[in-house]
2 protein chains.
Amino acid sequence: MKNIRPRLVGLLRQGYCTPQIAQIAKQLKEPSTTIHYNIKRLEEEGTVRLYKAVFDYKQIEQGFCCYVLVNLSPGEYGNPERIGKDLAKYQEIESIDICTGDWELVLKVHVKDQDAYFEFLKNVISRKGVERTKSLVSFKQLKSEFVPV
Amino acid sequence: MKNIRPRLVGLLRQGYCTPQIAQIAKQLKEPSTTIHYNIKRLEEEGTVRLYKAVFDYKQIEQGFCCYVLVNLSPGEYGNPERIGKDLAKYQEIESIDICTGDWELVLKVHVKDQDAYFEFLKNVISRKGVERTKSLVSFKQLKSEFVPV
DNA sequence: ATTCTTAATTGAACAATATTCGACTTTTAG
DNA sequence: CTAAAAGTCGAATATTGTTCAATTAAGAAT
């Protein structure tokens, strides 16, 4: 047994997919070469960033989902990008936004369960520059990544 | 001119993509039939929901991004699913979660600009059952859909 | 341990799809 | 109105996905 699954999931999370030109052509009732031409243009212009898989996160050990509202400490207040970009490398984090309002950063996090979340909050999110966090735990996801669940 | 682009974007947003078996096989240094077998299993088990494109949302008229914290009115308080599922059909909404804490629903919305957001908030999100909303406007996205920007 | 059953891996043959090319058409700018 | 650029599309080719059958590995039961 080669344990292909986790490596596969790792790649499909962030790319290694491609549009189905023939299927799209059929659906739109246009020649596949026309579809091909238009897709390449979208890619060259950077309109399409990449193609990737959307998972049932419960099945890949990421069934616990949570929004994290973050306050930065006065010293880091003017520099949310540094902390945000460093957090970006964690695959548990779906999104990071620098926001207006009462919190400087808004994160969306996926981990296995509540225990894993506690550890993640303690070990990864809490750090120098992060003053306070507020967690909004998702009971149920109705839509995610533009896809209704 | 056939105006292929918007129709194409519409399809690629929610599917019409597929994994690149040959590329994955090369990357993982495994035979492509082995990769094929493992991918089909992920699909059959429902671990992979679908394959889709991730866009530069500024380039598809959705450059304005915002989190919306929603309070439901007392009458709807016990039934966040009805409102959430109805909202799910709008393609401007990236995600909808039923949450713990001070707000029953958390939405993430992408529209063209601030004016469009005002209209969307007024015409779509505000409705019977929605008592109050709080908007956290994203100044800058550092990560989105698990992909660093 | 040994057998049996099921799951996983793999190469070869085949089917389907993507890509290139060139001709033609449409759009745009001056 | 004209020339250049962008878009459409069929035919040929290159690449990739899929099926199949054989082989190996893993797990369960006696």
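Residue numbers begin at 1 in each chain, while the letters A, B, ... track the order of the sequences.
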Other ILVMFWY residues reachable from A:L50 by side-chain steps of under 4.5 Å: B:V54, B:V147
Could you identify which residues of residues 16-36 of chain A place a heavy atom less than 4.0 Å from some atom of DNA chain C, listed by residue number, or say none? A:P19, A:Q20, A:I21, A:A22, A:Q23, A:T33, A:H36
When rounded to the nearest 0.5 Å, the distance separating CG of B:L87 from CD of B:E92 is 11.0 Å
List in chain and number order the residues that pass side-chain contact (heavy atoms from CB on, under 4.5 Å) with B:K122, two or more places apart in sequence or in another chain; answer none if no residue qualifies. B:F118, B:E119
Going 5' to 3' along nucleotides 23-30 of chain C, which nucleotides have protein heavy atoms under 4.0 Å from the base (write B), which only from the sugar-phosphate (write S), and which from neither (write -)? ---SS---
According to side chain to side chain donor-acceptor pair (under 3.5 Å), who are the partners of B:T47, at least two apart in sequence or on a separate chain? A:Q59
Indicate the atoms forming the closest heavy-atom contact of A:G84 with A:I96, along with that distance. O-CD1, 3.3 Å
Report yes if the side chains of A:E145 and A:K52 come closer than 4.5 Å at any heavy-atom pair, otherwise no. yes
Pairwise ring-ring contact (aromatic ring centres under 6.0 Å, His included) hits with a residue in residues 33-63 of chain B, at least two apart: A:F146-B:Y57, B:Y57-B:H110
Within residues 37-44 of chain A, find the residues that approach DNA chain D with a heavy atom at under 4.0 Å, and present them sorted by residue number. A:Y37, A:N38, A:R41
Range on DNA chain D touched by chain A - first to last nucleotide, heavy-atom distance under 4.0 Å: D:dA6 to D:dA26
Quick one: side-chain hydrogen bond (donor to acceptor under 3.5 Å, both in side chains) pairs with a partner in residues 10-19 of chain B, sequence neighbours left out? A:Q27-B:Y16
Mind checking what makes side chain to side chain donor-acceptor pair (under 3.5 Å) contact with B:K58, not counting sequence neighbours? none
Rounded to whole Å, CG of A:N3 lies from C1' of C:dA8 at a distance of 12 Å
List the residues meeting side chain to side chain donor-acceptor pair (under 3.5 Å) with B:K128, not counting sequence neighbours, and say none if there are none. none
Would you mind writing out the side-chain donor-acceptor pairs for residues 131-143 of chain B within the sub-3.5 Å range, not counting sequence neighbours?
residue	atom	partner	partner atom	Å
B:R132	NH2	B:N71	OD1	3.3
B:K134	NZ	A:D102	OD2	2.9
B:S135	OG	B:Y117	OH	2.6
B:S138	OG	A:D97	OD2	2.6
B:K140	NZ	A:E81	OE2	3.1
B:Q141	NE2	B:S144	OG	3.4
B:K143	NZ	A:A88	O	2.6
B:K143	NZ	A:Y90	O	2.7
B:K143	NZ	A:I93	O	3.0

Hey, is B:E45 close enough to B:R41 for a salt bridge, meaning N to O under 4.0 Å? yes
